[in-house]
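Start at 1 with the first residue, then count along the sequence. Since the structure is predicted, the reported quantities are computational estimates derived from the model, not experimental observations.
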Amino acid sequence: MTKEQILDAIKEMTVLELNELVTAIEDEFGVTAAAPVAAAAAGGGDAAEEQTEFDVILAGAGAEKIKVIKAVREITGLGLKEAKALVDEAPKALKEGVTKEEAEEMKAKLEEVGASVEVK
């Protein structure tokens, strides 16, 4: 099969079929489709330039969801309903564009109560 034949076959697929194809390729070869995009974005900037703004992402609530909701309320100033919704929708951005120190402090508070957190 040539590259052109493969591309023609892909052009005729539905979105659902494309999603299944990507998943099958990821499983078969042990790769992730998102990795090249992230690597290209990270490599696109000036290497000497240090990141100054960070995003704190709540990846998961863990076993102690109530404690995580309380910590989210403390960090964000949200009400109970909004904080619970944010925790329920994880993975979700908690705060964006914060300093490294603030991001690390938030991460420590959340991990202390059992949440999984990413800083990007």
Nearest-0.5 Å distance, CD1 of residue Ile66 to NZ of residue Lys84: 10.0 Å

Joint hydrophobic cluster, Ile10 plus Phe29, side-chain heavy atoms closer than 4.5 Å: yes

Enclosure of Leu21 CG (heavy-atom neighbours >12, cutoff 6.0 Å): yes

Any donor-acceptor N/O pair, Asp55 side chain to Gly97 backbone, under 3.5 Å: yes

Gap separating the CG atom of Leu7 from the CE atom of Met1, nearest 0.5 angstrom: 10.5 Å

Shortest non-hydrogen contact from Lys120 toward Glu118: CE-OE1, 3.1 Å

Over 12 foreign heavy atoms within 6.0 Å of CD, Glu112: no

Step-by-step side-chain contact (heavy atoms from CB on, under 4.5 Å) determination, Asp88 to Lys65: CA-CA 9 Å; Asp88 287 341; Lys65 188 174 175 181; 2.4 Å; yes

Apart from Val68 itself, residues in the same hydrophobic cluster as defined by side-chain heavy atoms under 4.5 Å: Val56, Leu58, Ile69, Val72, Ile75, Leu78, Leu80, Leu86, Val87, Leu94, Val98, Met106, Leu110, Val113, Val117

Sequence neighbours excluded, every pair satisfying side chain to side chain donor-acceptor pair (under 3.5 Å) that has a member inside residues 73-82: Glu74-Lys109

Interatomic distance, Glu104 atom CD to Thr99 atom OG1 [nearest 0.5 angstrom]: 9.5 Å

Hphob cluster co-occupancy, Leu16 + Val22, side-chain heavy atoms under 4.5 angstrom: no

